[in-house]
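A short worksheet on the structure shown next.
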Amino acid sequence: MIEAIEAIPAQFIVIFVGFLAILAFVGLNAVLLVYLERKIAGFIHRRPGPYEVGPHGILQPIADGLKLVGKQIFTPTGADSYLFWLAPMISIAPALVCFIAIPFGPHLQIINTNVGLILILAFTGINVLALCIAGWTSQNKYSLLGAARDISQSVAYEIPLLITVLSVVFMTGTFNLFDIAAGQGAWPWQWYIVYQPLAFVLFFICVLAETNRAPFDLPEAESELTAGFHTEYSGMGFAMFFLAEYAYMVVASCIVAILFLGGFQGPIAPGVWWFLAKVYIVLLVMIWIRWTFPRVRFDQLLNICWKWLIPLAVLNLLITLAVIAL
Amino acid sequence: MSSMDLRLDTSGDYYARKFQPTKREDTLILNMGPQHPSTHGVLRILLEIEGEYILRADPVLGYVHRMHEKMGEVMSYPQYYPNPPRTDYLHALAWNWAHVAAVERLMGIEVPERAEYIRVITCELNRITSHLLWWGAYLLDLGAFTPIMYSFDDRERIQDILQRITGSRLTYCYYRFGGVSDDIDDRFVEDTRRHCAVMKERFKMFKSLVTDNFILRKRVEEIGEIPLETCRKYGATGPVLRGSGKAYDVRRAEPYSVYDRFDFNIPAYDTCDAMGRYLVRMDEMQESIKIIEQALDTLPEGDYIHPKAPKRPKPPVGDIYFALEGARGKIGIHLVSDGGKSPYRIKLRAPGYSNLSLFSEVAQGTLISDAVSILGSLDLVIPEIDR
Amino acid sequence: MIKTLRETIGGLWSLLVGMKITAINFKSPEITVHYPRQVVPDLEGFRGHIELVPKEDDPFKSKCTACSNCVRICPTSCISMKAAKPKKKEAPAAEAEGSQEPAAKKPKAKPEPVLFELNFNYCSLCGLCVQSCPTNALRFSDDVYLAGFTRQEFVFDLLARLQNQAQKKEQ
Amino acid sequence: MDEKKAKPEKPAGVVKAAKQEESAEPIYTGYDSDCFIERQDLLNAVQKLDQAGFFLEDVSCMHITEGFHLVYHFDRFDQPGRMGLRVVLDRENPEVDSISEIYPGASWHERECFDFFGVRFTGHPNLIPLLLDPDFEGPPPLLKEESALKDLNHLYPDRGHTGISPESADFTREINNCSNQKSRNKS
């Protein structure tokens, strides 16, 4: 028996344990983020937010989760039920994979791969497919419109996202997330945000759009498309989309923290705490933005991308290259 | 997908069948409403869309139709008090006033000065609450959730003030033939003054949070242009008309009550777009505050209701059309009396009815998001439209 | 070009201003009331359903003279009332021939309600009944926290309510 | 607020030569000018009003002994003045030309009259129920019982009920009169 375990490569065990850890991490994060989101919204609105379940409503997300689990699973008439229920799974699975390559601390990373950044960008791209399937198979016109919006939005924003990432990659010369983080110093003036402020802003906007966060939450624009692609999902289907949305937010914030905010680098305290603190600051800003701005219109969203973000990103890349070449 | 034919809704209801797609193959019929987050109640709009562009739009009404006009014919005049405010629950006092004033004019009941002042103050306070709710709800349509919470804060405070006097917070039934049902006191005057001062500060905050916001400007500027001629053809009034550049306000055009004694502007913007309508309403709230402050300064002493006001009025034979300016436009009451104790015919002119009727023309060729923006900028109250 | 650029930068600045405002509000104190633990302090002027006003000298009797003005004026007919003349000790015999005998003989017994019910389900709280009452026998209650599970719970027997209130007062 | 008991203000006659009385004691009726016109003249008259820059406020219908009485309320943005066009329709065949060609906004008002009274508007592009349920069966809801009906002489005493022609000088005078606004100086 022991031999059998020893026969398994160590790497595999690490991945297996890591995967369980990721599941726990994603679940915990979602719970915490839901709570934070509602609490922050509450405070911005000058109301208490969730307050009744547990002290200061701290157990509210768990109650919500239980409610979602207990709900009836409902498939619309005429929907392709296999694809319909596959979509939420396709949505959540890649998000989990992404965490494998993220260095949470100097010694806390599941696999340290040279193509970590590419892996994450590739896997987050799969989410589009999930939303597309969800919208298509829902037999609902609003879902269909939401899916159509999501595809054009994601496709458009992948481009400036990749270009801005490239400018950081050219600076560091590697796609390895650990190396990128390690390449920055412990103090804020040593982070890449100082060298690449424009890239940071562009990347952050793209992240908002890619994760479908307000003001770019067009695929699920409530006042226009009721709930967009997940109009017809109930119970766990909806919960998985919800979970995936928050998981992608966390992944995106991790990338922002690694690329621009020094990752796990920081003075005094252990790296993992610095990393989490930075990730949460980014998340808080995303939540803050959501509760402040109106939603942009669909064509404006694409205009921002094609007319502003892509040229600026290219410009930024060229400047970066010129500086490096010199 | 083949199992679902998105184009031909043969199984649809009466209105969907009447609204068959045109000859084009690549269009979609979309039912927006009656339960849709942006239609503010139970309005249904049938859309024919190509991608996200609207080719045709046709509103379907009647989901909250209650036949208030028939109720008017079977009830006596005082019994009809609670009905008109329930058509437009956001500016209830204006409807209350329209009904009361029409009967007063038909019978020649005198209204004491103090009562007229009280009516002006309360009606303008109510107008502010109506515009505040519109503001919040419009931004909700545009995807900003926070402003409605701020506007409700102020709105609730005004409702607190009004509740002390009128006894209700939404569907007021306060005006009576010949006056109002209760007098106002010093505390009301004080509270109102204080809140007016607070509101002035709040408007600055609203402006920098929302009106100046870049995203909002892009969502409302040059959206839903309604030329003045369209307004005239459809009989649109109120902020919709003033947003199209015509400073037409019943308070000025056919002065009623004591409005001719106050100094206030009629805001008008000739941009004709949703931004024009937005700015008109934002300015109007400030003008209302101006009116309220003037009225409080010059509030006369005296009766709050005419001592000889009839309890069971029986107006003489005749017909009368009385119009006044509601938050959404010109409220009109056509009252025909045959000398009996209930009206022979009472016709309510809801401003939203005419304002909404131009939607199908304006919405053509716009995006769904813009249609939502236009719909919000018309400031619809569906129960008023359906009556 | 420069104009667009300036517009864009001004626009971005307006976004930051918006975020500043929400941040200020984030720090400001709450304006809501935690309902079950706190209640709204000032309920002056609140109009609940109507209730009967007791006589000054006898809290068990209402001022109502059963004129049924309120019943007639109510737009939704939600008040129902039955009137009767109170039975005085020597009255029962006199009652029958009371119509022939003029009232001069003894002070006429004022009619009073034996049943006064309000169907609150239909009430639109217009206040016409209170205003039309010649003896001011009706008033609005301040019963804000009114809730129930069935419609039947909102049919109030106002006479019984008056008795309850009087009993509570006596205790 | 000094209007007196509203007696029907207008003197009898096809045209109300309103001016003489009003200067003495204005009575508020809300109408600065109103006249009866014949059913077939409606489109013509509305055309005239359209050219004069009026907008349509609403179309009010009522059930009377003679049939149906339609009142079109018009008003102006620039020079105030409400104009009422009154049309009387037959009982058996309540039909009138639709004015939605001229005023598209009238389309809904006409559909409302069709709903509530069963008045048919010829030439209306889309005369289907608007406020009522299309499955609604039974007589239109605002029709009165025979015993409750009143006739024109009862409702509008002391004035003629015959229509004037929109081509006539009287009609032009009505249009011009209504911006004098004498009748509502004291509202």
Side-chain angles (χ1 to χ4, degrees), chain A residues 37-38 40-47 49 76-80 83 133 135-149 152 208 212-218 220-228 231 287-304, chain B residues 1-7 9 11 27-33 35-40 47-49 51-53 136-153 209-211 213-223 366-373 375-376:
Chain A
E37 174 119 44
R38 294 178 64 180
I40 289 174
F43 287 144
I44 285 179
H45 301 157
R46 301 183 66 183
R47 59 187 171 86
T77 327
D80 185 335
L83 281 177
I133 294 174
W136 182 251
T137 56
S138 282
Q139 294 289 86
N140 182 316
K141 294 167 187 174
Y142 290 114
S143 303
L144 192 65
L145 286 171
R149 281 180 174 195
S152 17
L208 284 180
N212 298 335
R213 288 290 294 184
F216 305 117
D217 57 343
L218 288 146
E220 47 196 299
E222 190 214 68
S223 58
E224 293 153 28
L225 304 181
T226 59
T231 308
I287 293 172
W288 182 12
I289 286 176
R290 170 168 177 193
W291 295 105
T292 306
F293 298 135
R295 185 183 302 118
V296 300
R297 206 175 59 209
F298 186 58
D299 57 328
Q300 288 167 350
L301 174 96
L302 296 182
N303 274 342
I304 294 170
Chain B
M1 205 56 168
S2 57
S3 63
M4 174 174 67
D5 191 343
L6 288 169
R7 286 192 73 248
D9 232 340
S11 59
T27 59
L28 192 71
I29 300 286
L30 186 68
N31 237 322
M32 210 160 111
Q35 285 89 24
H36 188 275
S38 73
T39 52
H40 301 283
L47 299 172
E48 184 182 1
I49 53 176
E52 291 222 3
Y53 284 94
Y138 185 38
L139 284 153
L140 210 55
D141 287 350
L142 299 178
F145 194 85
T146 303
I148 195 169
M149 292 292 174
Y150 297 162
S151 73
F152 257 75
D153 179 8
L209 174 64
V210 176
T211 313
N213 188 295
F214 190 49
I215 301 176
L216 178 97
R217 288 201 164 257
K218 289 285 167 210
R219 284 300 303 278
V220 292
E221 274 174 357
E222 289 164 32
I223 301 300
T366 57
L367 286 161
I368 289 181
S369 320
D370 285 345
V372 168
S373 176
L375 216 52

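Protein chains get the first letters and strands the later ones, always in sequence-line order, with residue 1 at the start of each. Atom set for the values below is all heavy atoms of this structure, side chains included, hydrogens, waters and symmetry mates excluded.
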Interatomic distance, [X] atom [atom1] to [Y] atom [atom2] [nearest 0.5 angstrom]:
X        : Y        : atom1 : atom2 : value
A:Phe298 : B:Asp370 : CZ    : CG    : 13.0 Å
A:Arg46  : B:Asp153 : CZ    : CG    : 6.5 Å
B:Asn213 : A:Thr292 : CG    : OG1   : 9.0 Å
A:Arg149 : B:Glu52  : CZ    : CD    : 4.0 Å
B:Leu47  : A:Lys141 : CG    : NZ    : 10.0 Å
B:Leu30  : A:Tyr142 : CG    : OH    : 4.5 Å

[X] portion near chain A, given a 4.5 angstrom heavy-atom threshold:
X        : value
B:Leu375 : neither
B:Ile148 : neither
B:Phe145 : both
B:Leu367 : side chain

**Report entry** Contact summary for A:His45 and B:Met149, nearest pair of heavy atoms
**Finding:**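 Smallest interatomic distance, heavy atoms only, reads CG-CG, 3.3 Å.
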Report task. Considering non-hydrogen atoms only, spot the tightest contact between B:Asp141 and A:Arg295 and give its length. Result ->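 Smallest interatomic distance, heavy atoms only, reads O-NH1, 4.0 Å.
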Report task. Identify which part of A:Arg290 has an atom lying under 4.5 Å from any heavy atom of chain B, answering side chain, backbone, both or neither. Result ->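 Neither the backbone nor the side chain of A:Arg290 comes within 4.5 Å of chain B.
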Requested in this report: Report yes if some heavy atom in the side chain of B:Tyr150 is under 4.5 Å from a heavy atom in the side chain of A:Ile44; otherwise report no.
Outcome: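 Yes - at least one pair of side-chain heavy atoms lies under 4.5 Å apart.
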Report task. Evaluate whether atom CD of B:Glu222 has more than 12 neighbouring non-hydrogen atoms of other residues, nucleotides or ligands under 6.0 angstrom away. Result ->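 For B:Glu222, atom CD is not crowded (no more than 12 foreign heavy atoms under 6.0 Å).
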Query raised in the report: Just by distance, do the side chain of B:Ser369 and the backbone of A:Arg297 share a donor-acceptor pair under 3.5 Å?
Result: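 Checking the backbone N and O of A:Arg297 against the side chain of B:Ser369, no donor-acceptor pair under 3.5 Å is found.
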